[in-house]
Amino acid sequence: MSADVIVVGGGPVGLLTAALLDAAGAGVEVYERSREFDRHTKGITVHPRTLEVLTTLEGGDGRRLGDVLVARGMRVRSAHYAALPARLDYSGLDTPFPFVLMVPQWQTREMLAEYLRERGVRVHYGVEVTDVAQSGEEVRIRAGDAPRTARYLVGADGARSIVRAAAGIDFPGSTPTMTGFVADVEATDPLDGVEYFWNDAGYVGYMRLGETSVRLFGAESADTGLTSQEVRRRQAEPFTLADLRTALTRICGRDFGVHSPSWLSRTGNSGRYAERYRAGRILLAGDAAHIHMPAAGQGLNVGLQDAANLAWKLAAEVHGWAPEALVTGEFGYDSERRPVADRLIADTLAQDALFHTFGRAAAALRATFSRFIERGGEVAAELTGWVSGLGVGYPCPAGAHPLVGTRAPDLALTSGSLMRALRADRFLLVDLTGDRAAGSALAHLGGARTQVVTARPVDAQDAVRGAAWHGVRAALIRPDGHVAHVSASAGRLSATGAEAEAETEAEAEAVDGAEARALAGAVAAWTGPDRRTAPSGDL
């Protein structure tokens, strides 16, 4: 069997990368060094934007993966930021998934593994990749005892990535200054819901996951402000149930009768990201590309968004139609995703300061910051957009419509919705005029990589989308759900009533002609003829 892409790492990021590559028509195989499935809960927070991406994939039973995962988890209508008293409200977000989904990471991984099995994509468990080398035509690895080759290699193999090291990519960043803890346990005296505890001894975040199961995370103040050598010594010590009980008693005044731990781990606050996400035919995603202090579940979700950005672009390159701007240019994977890691590190450092500073001054800072969130407005909206992933966009080229690069909302199509129409192997050209004749006029722009769909126009009074989307006549949407091009008229498209009636037929036709030519140019710029060549070597 031959493959276009080898993915190293069978965690959620590697598996989603493989799933999206397969959905886009690229041949892919996955190598995972662990033989057994890790059943630790680990990352339990799935944010709305991740659920949207999962919804683009359809399982063998016809259900979308976003819906499958939602059925397995628990919905929470808010998210925490640095364990502050005021929480980020998700209930009014413009998404089909206005909530945080609490679901053990192993279930997300299991769902993706099941999907790949159904699709016939091979995942090799218990096979460690050791040697990695590349030429201008292929990448060569040693997987277990056997050599393998592929046209491209994706390293999703974690913070100590073999792939990253072999590619010669540096991993600069900060050294840790503290050590905290995270634990999933049973409790004989559990609290309801979510609680946060703070005092001079440290802090604890408490989340009830089931009838008696709870997630606990936090840090003792004595374990902050350490040297890197002190952190290493502390990290080398096992974190035990007795240690957890002692910390809970010091900070919370009781230990909630914790017992039967399923996961006990120490955490740190080191922040690093790769100096580049691509070296020739080798690309990095997830923890291989960035690590940080765990905060608000961002690590897993940002890694899965790496996969969403990477897969369709790499598949386009495999098939031979990717323009240079999509490979190594302004719209390339490195250009768009590495700045997200930069902000991720900055955001978690800010939360680090809020989490791990104690005393009266720190308490006053947390209270002030919490009030900013509680009152709503720009601060709360900015943080909610970032943590949920819905507000994360990519740079808008000079002179382009300001919506370019942003995530497209779930527009109502004449048949279904935008999120459920997205696919990894094609763009959507959305006609928003409400005029079926105008839609048919764009039909000639459809093809193997572009599907023309019609949507209801966005009303100017729409409280969520009106200001940005009213007046948009057509939009080209990338496979990952971000806007590639917008056609809008400041005059006719925003005119209503007498203004619209006063416009002459000749003027309308002129605008339509100009828009159609611009849309044709945008489609041509983003796609091209299929020039696929056979992969080099067999797997």
### Ring centres under 6.0 angstrom apart (Y333, Y277)
yes

### Query
Does Y81 have its ring centroid less than 6.0 Å away from the ring centroid of W386?
no

### Task
Count the heavy atoms of every other residue, nucleotide or ligand shown that sit under 6.0 Å from CZ of R281, and state whether that count exceeds 12.
yes

### Query
How about D61: does its CG atom have over 12 heavy atoms from other parts shown lying under 6.0 Å from it?
yes

### Query
Ion pair present between R465 and D94, side-chain N to carboxylate O less than 4.0 angstrom?
yes

Quick one, [X] and [Y] - any side-chain contact, counting heavy atoms below 4.5 Å?
X	Y	answer
M111	L65	yes
D347	H292	no
L153	V5	no

### Query
Could you state the interatomic distance from CG (L390) to OG1 (T384), rounded to the nearest 0.5 Å?
9.5 Å

### Message
Nearest 0.5 Å, please: how far is CD in E138 from CZ in R140?
### Response
5.5 Å

### Task
Tell me, please, whether F171 has R164 positioned over its six-membered ring: NZ or CZ under 6.0 Å from the ring centre and within 45 degrees of its axis?
yes

### Message
Could you report the tightest heavy-atom contact between P48 and F99, atom names first, then the distance?
### Response
CG-O, 3.5 Å

## Note on the structure
Correct closest heavy-atom pair for V430 and A455 would be CG1-CB, 3.5 Å

### Message
Strictly distance-based, threshold 3.5 Å: is any side-chain N or O of D410 a donor or acceptor partner for the main-chain N or O of M419?
### Response
yes

### Task
Mind jotting down which residue pairs meet the salt bridge (Lys or Arg N to Asp or Glu O under 4.0 Å) criterion with at least one end in residues 303-324? Sequence neighbours excluded, please.
R278-E317, D306-R337, K313-E336

### Task
Tell me, please, which residues at least two apart from T406 pass side chain to side chain contact (heavy atoms under 4.5 Å, CB included).
L403, V483

